[in-house]
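Just below is one structure, and these are the notes that go with it.
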Amino acid sequence: MESFSSKSLALQAEKKLLSKMAGRSVAHLFIDETSSEVLDELYRVSKEYTHSRPQAQRVIKDLIKVAVKVAVLHRNGSFGPSELALATRFRQKLRQGAMTALSFGEVDFTFEAAVLAGLLIECRDVLLELVEHHLTPKSHGRIRHVFDHFSDPGLLTALYGPDFTQHLGKICDGLRKMLDEGKL
């Protein structure tokens with residue numbers, strides 16, 4: 001007997017449709033203004049660091065696709081109790097990473113690329129475990145791409161260096177606001 005679930009089919013269609021439209025207009029449906037500003041700064045940092053507009057666009061587009069898909073899964077109640085515990089752990093790790101990034105940005109001479117990179121890698125691993133049975137291997141690759149890009153010690157060192165001070169300030173302002181509002 002073949003099992004058919006219209007809910008499952010609708011969820012697949014919604015994820016597929018949203019992944020095809022993961023541009024700025026769809027991002028604004030799922031991502032608030034502050035998050036959008038942080039993403040814009042992350043794009044600028046990536047573009048300046050890699051010297052590649054297409055590469056920077058790809059990493060941000062992948063980030064948006066993953067965020068939208070995870071939001072859709074969560075909104076549709078697709079996660080079981082053990083997965084919800086993983087989601088909570090992911091949120092805690094992401095929050096810890098944001099607070100660490102802020103601390104490094106506010107207190108001179110405290111930056112350690114390995115610490116921040118390690119937190120981002122932990123976030124990646126928890127997120128991959130969370131979506132293991134819900135997203136395709138292609139989406140898993142997107143998650144790896146995003147987290148591996150932003151956990152690159154060279155990029156992190158450049159971000160906290162003198163050439164990226166303006167970008168870091170804007171990213172920290174956005175992270176602080178998101179933490180204060182409980183969005184992170």
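Residue numbers run from 1 in the order of the sequence given. Predicted model only: the values in this text are computed from it and were never measured. Keep in mind that the numbers below use all heavy atoms, side chains included, and drop hydrogens, waters and symmetry copies.
- Taking the side-chain contact (heavy atoms from CB on, under 4.5 Å) definition, one finds that T88 meets it with Q92, sequence neighbours left out.
- Distance alone, capped at 3.5 Å, is enough to place a donor-acceptor pair between the T165 side chain and the P162 backbone.
- Side-chain atoms of D40 and I60, non-hydrogen and from C-beta on, never get closer than 4.5 Å to each other.
- A distance of 6.5 Å separates CG of L120 from CG of L156, quoted to the nearest 0.5 Å.
- A distance of 8.0 Å separates NZ in K47 from CD in Q57, rounded to the nearest 0.5 Å.
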query = Run the side chain to side chain contact (heavy atoms under 4.5 Å, CB included) check on L135 and L73 step by step: do they pass?
reply = CA-CA 9 Å; L135 297 180; L73 288 169; 3.8 Å; yes
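- Atom CG of L184 and atom CG of L179 lie 5.0 Å apart (nearest 0.5 Å).
- Scanning for salt bridge (charged side-chain N to carboxylate O under 4.0 Å, His left out) contacts around D62 gives R58, R142, with sequence neighbours left out.
- Of all heavy-atom pairs spanning M178 and V38, the tightest one is SD-CG2, 4.1 Å.
- By the side-chain hydrogen bond (donor to acceptor under 3.5 Å, both in side chains) test, S46 is found to be paired with H149, residues two or more places apart in sequence or in another chain being considered.
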task = Evaluate the side chain to side chain contact (heavy atoms under 4.5 Å, CB included) criterion for residues F150 and L63: first the C-alpha distance (whole Å), next the side-chain angles of each, then the deciding distance (0.1 Å), finally the verdict.
result = CA-CA 11 Å; F150 288 111; L63 194 155; 4.2 Å; yes
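- Within the structure, every pair that satisfies the salt bridge (Lys or Arg N to Asp or Glu O under 4.0 Å) test and touches residues 90-105, not counting sequence neighbours, is listed here: K93-E122.
- Considering only residues two or more places apart in sequence or on other chains, E41 meets the side-chain contact (heavy atoms from CB on, under 4.5 Å) condition with R44, H167, K170, I171.
- Atoms CG and CG, on L102 and L168 in that order, are 9.0 Å from each other to the nearest 0.5 Å.
- No donor-acceptor distance shorter than 3.5 angstrom exists from the side chain of N76 to the backbone of S78, with no hydrogens or angles considered.
- Residues that satisfy the ring-ring contact (aromatic ring centres under 6.0 Å, His included) test with F79, not counting sequence neighbours, are H134.
- The stretch residues 107-130 participates, sequence neighbours left out, in these ring-ring contact (aromatic ring centres under 6.0 Å, His included) pairs: F104-F111, F111-Y160.
- By the 4.5 Å heavy-atom criterion applied to side chains, V66 and L127 are counted as neighbours.
- Checked against side-chain contact (heavy atoms from CB on, under 4.5 Å), A87 has the following partners two or more places apart in sequence or in another chain: L130.
- When atom types are taken as modelled, the side chain of S103 and the backbone of M99 share no donor-acceptor pair closer than 3.5 angstrom.
- In this structure, the side-chain contact (heavy atoms from CB on, under 4.5 Å) partners of R124, at least two apart in sequence or on a different chain, are I121, L128, I143, R144, F147, D148.
- Closest approach of G174 to T34, counting heavy atoms only: O-CG2, 3.5 Å.
- Note that CD of E48 and CG of L155 are 11.0 Å apart. Values are rounded to the nearest 0.5 Å.
- The list of salt bridge (Lys or Arg N to Asp or Glu O under 4.0 Å) pairs with a residue in residues 175-184, not counting sequence neighbours, reads D32-K183, E106-R176, D173-R176, E181-K183.
- Residues passing the salt bridge (charged side-chain N to carboxylate O under 4.0 Å, His left out) test with E37: none are found, sequence neighbours excluded.
- Counting only residues at least two apart or on different chains, no ring-ring contact (aromatic ring centres under 6.0 Å, His included) pair has a member in residues 34-58.
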